[in-house]
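The next block holds one structure in the form of structure tokens; read it before the comments.
First the proteins, then the strands, lettered A, B, ... as listed; each starts at 1.
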Amino acid sequence: MTDTTPDAAPAAPAKPQIIEGPAERTRRQRVGGVMVVFALIGLGLAIFTKSGKATFQLVSGDLQHNLLGLPAQAVGLILGVLGVAAAVAYVLPSVRRLVPQRYAGWLAAALGICFIGAFLCWAAAGKTFPLANQFQGTLNFATPLILGALAGVMCERAGVINIAIEGQFLVGAFTAAIVSSTTGSGAAALIAAAASGVVMAALLAVFSIKYLVNQVVLGVVLVVFATGITGFLFDQFLQSDADKLNTPKVLSAIKIPGLGDIPFIGPILFNQTILVYLMYIAVAVVTFVLFETRWGLRIRAVGEHPKAADTVGIKVKRIRYSAVLTAGILAGLGGAFFTVGYAGSFSKEMTAGNGFIALAALIMGRWHPIGATVAALFFGFATQLQSQLQIIQTPIPGQLLLMAPYLATIIAVAGLVGRVRAPKADGEPYVTE
Amino acid sequence: MSTETETAPAPVPAKAPQQRSGMPSWAIQGLVSLSAIVLALVVGAILIIVGDKQVQTAVGYFGAAPGDTFSAAASAVGEAYKALAVGAFGGITPISESLTQATPLICGGLAVSLAFRTGLFNIGAQGQLIAGAILAGYVGFAWHLPPVLHLIVALVAGLVGGAIWGGVVGLLKARTGAHEVIVTIMLNYVALYLLSWLLTTSTFRRPGRTDPISPIVDKNAQFPKFGDTRLHIGFLLALAAAVFVWWLLNRSTIGFELRAVGANADASRTAGMSVGKAYVIAMLVAGALAGLAGTQQVLGTDLPLTDGVAASVGFDAITVALLGRGTPLGTVLAGLLFGALNAGGLQMQLITQTPLTLTTVLQAVIVLFVAAPALVRSVFRFLPKERGAGAVLAKGWNG
């Protein structure tokens, strides 16, 4: 790890919340500082909120019923004050001592929710904010990000850096579009997308594991390669023959009986395309596999200490191949979302940097499947919020709103997450001596 | 192809046996690079053949006249590559166009490779380039200064813009440990949206236009051009920048520290160097270099500020730096090669309708093969083995 301040002294084993090392103090103060700033902004927004009702629409498309009207300023002020309280509780040592270390993060989360709530009250005062659309859109934007980030987690836990998620997305999107157009089958499109993701992952695996190419280099190159090859094939074939090759059928939503009828969250979570359900399953499966199975243990072992793993008889390269290729399935499916899950046609460079956002989500989520999922949901939320706010019109220009999630990420990474620790052998090829 | 590489020496220890060949390592690297280019052209040829309409028709009656398929394929490839070569090297105008295309790539490549040498992975050349272009462009069209002075002020503004955008990354990394890969990716977007917001303001919008486009910079702030070509003195600045980076890395005390930190941050810290300071300096200079690339776009190539002012230069710069293996000379050569491919590719698209995207594939494949000398050797058996093959530029996430 590269840091300038000495990292946490060995934590006192029994009651860590009572003794605070210098590093913990710096961290608490820094995180607390960021939190206080956000809390004050939230409070400020609440003070400047127009009085009147903020109406939240709870069912998408339904403008008559299911509206939740709240007194904007009052609710905003309550949330603002709660946010300030959470920030103060976090930063004051006397209060923090009462809060067990592992629950400290909840204070930050509480502040985040209060802040967003206060912001929404401010933006929606006197207007109708489509809350259901907001969550629906969040899930849409987040689905490929989550799949991509999970692919990254699989690779990097095994010690192979995956910057090429963007490239895997592109190829997956492209293949899904062609296969869906030619066969008309959504299932075939998804299988083909997963397969093409595996092919891209195989390139990553072979060049990094066998040819020992620097993995950061390799990832970037594979993205360029995927951009070039999908662009070339698009120019040569898809554009001139769009009717036959580039008219994929968008997957239709499947309502899960029972679950889909739950008010508010039912239609949002359980009336989705098969890809979204696959994403749910993937989050659970990747988490389970990595932390509860022998294969997962081995993956983590070869990512942390390949030599030790080798010594106890684990085939380092074989495990790495298996992890990277499996990741390819996830990334390929993530790519399919762009065409058959959403847009309905392929266009050049349509993944628009989402692979890199997935990479950021993976790092923000500290190489943990759940953390990566939460980070990806945050990006999805922010992206969707921006387009909603443009529709209901706020004084902030749209471009600056678009900037917000990226600035928030920088603040989060610098202030809250700070030094992240990748798997120890991440990026190091393993060479048997 | 498999057995040989299993035993390939990876991160070779310092005293690796040199008896593998008598050739100096630069010669071997050159040979590997040349072979990589040849292989990339082969891959490109396959794509051209697959995509060519005449070949497709000829394949339709392959059984009847197999010769047609081959001759159609040969002529498709031949014509495309001929157009590529002519477009890149065939005369003063093509050559000047290649150099014009190479100019920002060299500066951007230097920005990435300088950070590499300090152990930082700078994906943010794109954002730094935009930041530089914004400031240089703003000074260029909004201020009105005497000749020469205007140019210098605009140039400095561009460097400062890039340096700020890069410096923030170094500062955040040094002070909080924020990962530079995330921060640079995020700052790319921030710069892009900042630019597109600025283009909606009256200060930046060209009078009489409603689309997001800025005025062209004043004559006084434009880079002088060579003759009737588009080539401008920005090219010489790019070469000067390469010499500066070489000097900085190899002849200055700071450069020594940068390289030391890049080689082993922990050891450098133990030796009393300030790793944080190295990060800040490296990213400041890298940002300024990328800012220079952006400045060249607005002051030299006469691009007004638009959402697309950076095109993909900032990302191509990464590939250029990788191909150049992190050295200034290598970066210049790689920049020239990619510039020629871009210029020639445009010509190829014009004449033979081979999409420009083919050159993107060529660029990726070249870098891929150069990064995997073992693979190139498995195709070209005669190539001697190189010491420290596949020299590692950047390291894993943990630096």
Side-chain angles (χ1 to χ4, degrees), chain A residues 1-4 30 156 161 163 207 210-218 220-225 227-229 231-237 348 353 356-357 359-360 363-364 397-400 402-403 406-407 409-410 413-415 417-429 431-432, chain B residues 2 5-6 8-11 47 50-51 119 121 123 172 174-179 181-183 185-190 193-194 196-197 200 265-266 274-276 315-316 318-319 322 355-365 367-368 371-372 374-375 390 392-399:
Chain A
M1 281 190 39
T2 57
D3 46 2
T4 43
R30 191 169 58 220
E156 305 212 353
I161 290 179
I163 294 191
F207 277 93
K210 182 178 161 80
Y211 290 112
L212 313 174
V213 175
N214 178 293
Q215 293 161 13
V216 174
V217 172
L218 180 60
V220 174
V221 174
L222 286 178
V223 173
V224 180
F225 178 71
T227 313
I229 203 103
F232 178 82
L233 295 174
F234 177 83
D235 286 338
Q236 280 299 44
F237 299 106
K348 266 199 269 184
F356 289 105
I357 305 288
L359 180 72
I363 300 179
M364 265 178 85
Q399 291 87 353
L400 295 189
L402 274 169
M403 211 190 267
Y406 306 111
L407 280 176
T409 307
I410 295 175
V413 167
V417 181
R419 256 165 268 285
V420 287
R421 196 191 145 278
K424 199 146 179 268
D426 200 4
E428 287 171 16
V431 191
T432 19
Chain B
S2 59
T5 47
E6 293 292 309
L47 284 175
V50 170
F121 192 58
I123 305 191
L172 287 179
R175 295 293 293 276
T176 72
H179 205 285
V181 169
I182 306 191
V183 179
I185 291 175
M186 296 302 135
L187 279 178
N188 285 342
Y189 289 100
V190 174
Y193 292 123
L194 180 67
S196 65
W197 172 67
T200 65
D266 290 330
S274 166
V275 174
F315 295 107
D316 296 345
I318 303 175
T319 354
L322 299 178
L356 185 59
T357 32
L358 181 73
T359 59
T360 314
V361 180
L362 293 183
Q363 291 172 350
V365 175
V367 180
L368 194 55
L375 176 64
V392 175
L393 288 166
K395 290 164 300 177
W397 287 136
N398 290 321

| task | Heavy atoms only: give me the nearest V50(B)-F237(A) pair and the separation to one decimal. | result | O-CZ, 3.5 Å
| query | Side chains of V223(A) and F315(B): does their closest heavy-atom pair fall under 4.5 Å? | reply | no
| field | Passing candidate, side chain to side chain contact (heavy atoms under 4.5 Å, CB included) with I182(B), options L359(A), I357(A), T409(A) | value | T409(A)
| Relative to chain B, which segment of F356(A) carries a heavy atom at a distance below 4.5 Å: side chain, backbone, both, or neither? | both
| So, for Q236(A) and G51(B), which heavy atoms are closest and what is the spacing to 0.1 Å? | NE2-O, 3.4 Å
| Pairs of heavy atoms under 4.5 Å with chain A: top-ranked of I185(B), L362(B), I123(B), L356(B) | I185(B)
| field | Which atoms of I318(B) approach chain A - backbone, side chain, both or neither, heavy atom under 4.5 Å | value | side chain
| task | Go through the steps to decide whether Y406(A) and N188(B) satisfy the test side chain to side chain contact (heavy atoms under 4.5 Å, CB included), and finish with yes or no. | result | CA-CA 9 Å; Y406(A) 306 111; N188(B) 285 342; over 6 Å; no
| query | By side chain to side chain contact (heavy atoms under 4.5 Å, CB included), which residues pair with L400(A), not counting sequence neighbours? | reply | I396(A), P397(A), M403(A), W197(B)
| message | Could you tell me if the side chain of Y193(B) sits less than 4.5 Å from the side chain of L407(A), heavy atoms only? | response | no
| query | Where is the tightest heavy-atom contact between V361(B) and G228(A), given as atom of each residue plus distance? | reply | CG2-C, 3.3 Å
| field | Partners meeting side chain to side chain contact (heavy atoms under 4.5 Å, CB included) with T357(B) (sequence neighbours left out) | value | F232(A), D235(A), K348(A), P355(B)
| Is there a side-chain contact between F225(A) and L368(B), using heavy atoms and a 4.5 Å cut-off? | no
| field | Proximal component of T359(B), with respect to chain A [non-hydrogen, under 4.5 Å] | value | neither
| Portion of V221(A) that has a non-hydrogen atom of chain B nearer than 4.5 angstrom | both
| query | Where the side chain of Y189(B) meets the backbone of L402(A), is there a donor-acceptor pair that is under 3.5 Å apart? | reply | no
| query | With a 4.5 angstrom heavy-atom cut-off, which part of L172(B) approaches chain A: side chain, backbone, both or neither? | reply | side chain
